[in-house]
Amino acid sequence: MAEKELHIYNTLTRKKERFEPLNPPFVGMYVCGPTVYGDAHLGHAKSYVSFDVVLRYLRYLEYKVKYVQNITDVGHLVGDGDEGEDKMAKKARIEQIDPMQVAEQYTFTYFRDMDALNVLRPDIAPRATGHIPEQIAMIKTLIERGHAYNADGNVYFDVASDPNYGKLSGRNLEEAESGTRVDVASDKKNAADFALWKKADDEHLMKWDSPWGVGYPGWHIECSAMSTKYLGQSFDIHGGGLENQFPHHECEIAQSECAHDAQFVKYWMHNNMVTLEGQKMGKSLGNAINLHEFFTGDHKLLTRAWSPEVIRFFLLQSHYRSTTDFSEDALEAAETGLKNLHSIVSAIEKSTAGKGEAYPIDNFINDFEAVMNDDFNSAQGIAVVFEHGKEIRKQITKGSVPANIEEVKSAFKKVVDEVLGIWPTNSGGDSNLTGGLVELLIEIRKDARSNKDFALSDKIRDDLKALGVQLKDGKDGTTYDLD
RNA sequence: GGCGACAUGGCCGAGUGGCUAGGCAGAGGUCUGCAAAACCUCGUACGGCGGUUCGAAUCCGCCUGUCGCCUCCA
């Protein structure tokens, strides 16, 4: 389907909808960020690479996007036996440091790994602990409006007061209760009520004063408070992992819409999960491979290192709403494919002074936009790049560089670099020392070959190959690719 | 138990009521001093059983299988 307008699959309506921002050309976009108590893993990569392409494509379409992604640095309750101990505190106890050190350390590694994946930084990365007053204010409003109640220092959202509760996840309260595996806290009016503020005991490390006593905020309220602060009571896009649809996003909607009388978010987007041998990869399952371990190869399930570029390309080859099943075989195929793509890009980049037939570059742009307009189909976007790229390279190899080669270059730069973010990082060898040296060796090899000194010419070829420089003999001389 | 996804050629992975996805791997060929690269050609896939239709892998039903959410998690 060739879409001229951007369409987004909206989890709220379970349909693809034409994208119409609330205040064009401005777009407010919020994506749930990480809880910083451990290194980012492949699952984080899938989510943030997916939304990175959403962001980049919106900017490509010339929307003025304000992109907010929170950092959750308040711990929430762990699921196992450590009743009442939160993640940040647990990690801090294990490592014998202050919880804020834990947060700071993993915030650093999070951005380090995302930078490596070429994920653009959010415009604003607000921290939950930096927005306690905003969260308290919102809770007060909810109490005043009769949507929340204080039970001896624990403040709960009163789910029964919100007739729309469940509209995102398609649940109703009766069903949620009958099958629940959660022990119901005794001070709740309703099993589905969720905490806005929790009372802290003496041992609790992260706690703040509030109108309801010393405590700490519930998990969901930070996203409502911070998105409202930076994007307003209503904004365009809210993204996150599918597993957050319920309860997290459902609760965000309830809190925000009951506090503000305005539609919270227009388009809800959820990325699917990464699986490892068919099983969900997650921190709590202990089968998550950290991104840093991928980059270094230092993990018992990995046979070698995998570059961030390959990880990004691998992820973009599937749709964000499909699960991505990880295997090293699949990564290896992606690696070879990416290398080929880079070879195509570099053949185009190196071409100048086109005198051949002009390439219909509008077709490339139209094809690319058509698939991206269909809910950001990066997998098809990559296919479009291959199809047109190979066609153009064919012309170039035949010695008929398109007359509009500069236009071709800028189109590829926009699509492959600006939107997809998979531009070769080390391709521009022509003007630097490496490029000069390789060209020199190519000259020497050429002479050796005309003298039939194949021992020398093969040595040059093989040794360069070992250094990651691939020579390619063509009709009009020899070119090269860097690994 | 409730809710929801998905099952595509050797592998990964898009998509669609009739027309080529793409990548990886593989086969043959052109080129080459030999290779590599590039280029040309090739596989005619869509879980099973019914149904709707002129026509379904694409729509409907049932079945089987896998997975996710219902609890912190991207």
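What you see is a predicted model; the values in this text were computed from it and never measured. In the text below, chain A, chain B and the rest are named by the order of the sequence lines, each starting its count at 1.
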*Asks:* When you measure from the side chain of A/Arg449, which nucleotide among B/U32, B/A74, B/A14 comes out closest?
*Replies:*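 In terms of side-chain proximity for A/Arg449, the closest of B/U32, B/A74, B/A14 is B/U32.
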*Asks:* Return the value, rounded to whole Å, for the distance between atom NZ of A/Lys350 and atom P of B/A37.
*Replies:*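 Taking NZ of A/Lys350 and P of B/A37, I get 16 Å after rounding.
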*Asks:* Quick one: do A/Arg461 and A/Asp473 make a salt bridge, cutoff under 4.0 Å?
*Replies:*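 Not counted as a salt bridge, because no side-chain N and carboxylate O are separated by less than 4.0 Å.
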*Asks:* Atom CG of A/Leu331 and atom C1' of B/C11: how far apart are they, to the nearest Å?
*Replies:*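 Checked: the CG to C1' distance equals 13 Å.
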*Asks:* In whole angstroms, how far is the P atom of B/G33 from the CG atom of A/Leu456?
*Replies:*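 Going from CG in A/Leu456 over to P in B/G33 covers 17 Å.
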*Asks:* Could you identify the nucleotide paired to B/G43, looking across every strand shown and requiring Watson-Crick or G-U wobble geometry with both distances under 3.5 Å?
*Replies:*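 Partner of B/G43: none.
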*Asks:* For A/Arg393 and A/Glu243, take the nucleotide of RNA chain B holding the closest heavy atom to each; which residue's nucleotide lies nearer the 5' end?
*Replies:*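 Residue closer to the 5' terminus by nearest nucleotide: A/Arg393.
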*Asks:* In this structure, how many angstroms lie between the P atom of B/U16 and the CG atom of A/Asp375, rounded?
*Replies:*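 Whole-Å distance recorded here is 11 Å.
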*Asks:* If you only use heavy atoms from C-beta on, which nucleotide in B/A36, B/U71, B/A38 is closest to the side chain of A/Pro247?
*Replies:*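 Nucleotide nearest to A/Pro247's side chain: B/U71.
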*Asks:* Would you call A/Arg121 and A/Asp115 a salt bridge, taking side-chain N to carboxylate O under 4.0 Å as the test?
*Replies:*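 So A/Arg121 pairs with A/Asp115 through a salt bridge.
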*Asks:* So, under a plain 3.5 Å distance rule, would you say the side chain of A/Arg461 forms a donor-acceptor pair with the base of B/C34?
*Replies:*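 Per atom types, the contact qualifies.
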*Asks:* Under 4.0 Å between any heavy atoms, over every strand shown, what does A/Tyr48 touch: base, sugar-phosphate, or nothing? Just pick one.
*Replies:*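 Sugar-phosphate contact only.
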*Asks:* With a cut-off of 6.0 Å (strictly less than), are more than 12 heavy atoms of other residues, nucleotides or ligands near NZ of A/Lys446?
*Replies:*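 Incorrect, the count does not exceed 12.
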*Asks:* Report which part of the nucleic acid A/Asp481 touches: base, sugar-phosphate, or nothing (heavy-atom distance under 4.0 Å, all strands).
*Replies:*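 Nothing: the residue A/Asp481, judged by heavy atoms under 4.0 Å, touches no strand.
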*Asks:* Any strand counts, and the cut-off is 3.5 Å on both contacts for Watson-Crick or G-U wobble. Which nucleotide pairs with B/U71?
*Replies:*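 Checking every strand shown, B/U71 finds no partner, since no pair has both distances under 3.5 Å.
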*Asks:* To the nearest Å, give me how far apart OH (A/Tyr320) and C1' (B/A5) are.
*Replies:*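 These atoms are roughly 14 Å apart.
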*Asks:* Of all the nucleotides listed (B/U71, B/A74, B/C39), which has the minimum atom distance to the side chain of A/Lys394?
*Replies:*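 Looking only at side-chain atoms, A/Lys394 lies closest to B/C39.
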*Asks:* Which pairs count as salt bridge (charged side-chain N to carboxylate O under 4.0 Å, His left out) when at least one residue sits in residues 29-46 of chain A, sequence neighbours excluded?
*Replies:*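 The answer is none; no pair qualifies.
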*Asks:* Does B/G33 have A/Phe454 stacked on its base, where the ring centres are within less than 5.5 Å and the planes differ by under 30°?
*Replies:*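 Stacked: centres under 5.5 Å apart, planes under 30°.
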*Asks:* Would you say the base of B/A38 and the side-chain of A/Asp473 have a donor-acceptor pair closer than 3.5 Å?
*Replies:*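 Looking at the base of B/A38, it does not pair with any donor or acceptor on the side chain of A/Asp473 (distance under 3.5 Å).
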*Asks:* Searching all strands shown, indicate the nucleotide that pairs with B/C62 (Watson-Crick or G-U wobble; both distances under 3.5 Å).
*Replies:*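 B/G48 - that is the nucleotide pairing with B/C62, both distances being under 3.5 Å.
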*Asks:* Choosing from B/A74, B/A38, B/C34, which nucleotide comes nearest the side chain of A/Arg445?
*Replies:*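 When the side chain of A/Arg445 is considered, B/C34 is the closest of B/A74, B/A38, B/C34.
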*Asks:* Between A/Glu391 and A/Lys394, is there a salt bridge with N-O shorter than 4.0 Å?
*Replies:*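 Yes, this pair counts.
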*Asks:* Is there a side-chain contact between A/Arg321 and the phosphate of B/A5, meaning an N or O under 4.0 Å from OP1 or OP2?
*Replies:*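 Checking A/Arg321 against B/A5: no side-chain N or O falls below 4.0 Å of OP1 or OP2.
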*Asks:* Any Lys/Arg nitrogen of A/Lys16 or A/Asp374 sitting under 4.0 Å from an Asp/Glu carboxylate oxygen of the other?
*Replies:*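 Salt bridge flag = yes for A/Asp374 with A/Lys16.
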*Asks:* For nucleotides 22-29 of chain B, just jot down a letter per nucleotide in 5' to 3' order: B, S or -, based on protein non-hydrogen atoms under 4.0 Å.
*Replies:* SSSS----
*Asks:* Does the side chain of A/His249 come under 3.5 Å of the side chain of A/Glu252 through a donor N or O and an acceptor N or O?
*Replies:*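 Judged by distance alone, the side chains do pair up.
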*Asks:* Just the rounded figure in Å: distance from P of B/U16 to NE2 of A/His319.
*Replies:*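 It works out to 11 Å between those atoms.
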*Asks:* Could you state the atom-to-atom distance from NZ of A/Lys16 to P of B/U16 in whole Å?
*Replies:*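 From A/Lys16 NZ to B/U16 P: 6 Å.
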*Asks:* What is the separation between atom CD on A/Gln245 and atom P on B/G4, rounded to the nearest whole Å?
*Replies:*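 Computing the A/Gln245:CD to B/G4:P distance gives 11 Å.
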*Asks:* As a test of understanding, state which of A/Tyr267, A/Tyr67, A/Trp268 forms a ring pair (Phe, Tyr, Trp, His ring centres under 6.0 Å) with A/His238.
*Replies:*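 Between A/His238 and the candidates, ring pair (Phe, Tyr, Trp, His ring centres under 6.0 Å) is satisfied uniquely by A/Trp268.
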*Asks:* Whom does B/A25 pair with, Watson-Crick or G-U wobble, provided both distances fall under 3.5 Å?
*Replies:*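 Partner of B/A25: none found under 3.5 Å.
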*Asks:* Closest-nucleotide mapping onto RNA chain B: is A/Ser318 or A/Glu391 further toward the 5' terminus? I mean the 5' end.
*Replies:*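 Result: A/Ser318.
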*Asks:* Does A/Glu328 CD have over 12 foreign heavy atoms under 6.0 Å away?
*Replies:*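 Counting neighbours around CD of A/Glu328, more than 12 heavy atoms of other residues, nucleotides or ligands fall under 6.0 Å, so yes.
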*Asks:* Searching all strands shown, indicate the nucleotide that pairs with B/G18 (Watson-Crick or G-U wobble; both distances under 3.5 Å).
*Replies:*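 Partner of B/G18: B/C54.
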*Asks:* Is there a donor on the side chain of A/Asp374 or the base of B/G15 sitting less than 3.5 Å from an acceptor on the other?
*Replies:*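 There is none.
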*Asks:* Taking the side chain of A/Lys472 as heavy atoms from C-beta outward, which of B/A36, B/C70, B/G33 is closest to it?
*Replies:*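 The nucleotide sitting nearest to the side chain is B/A36.
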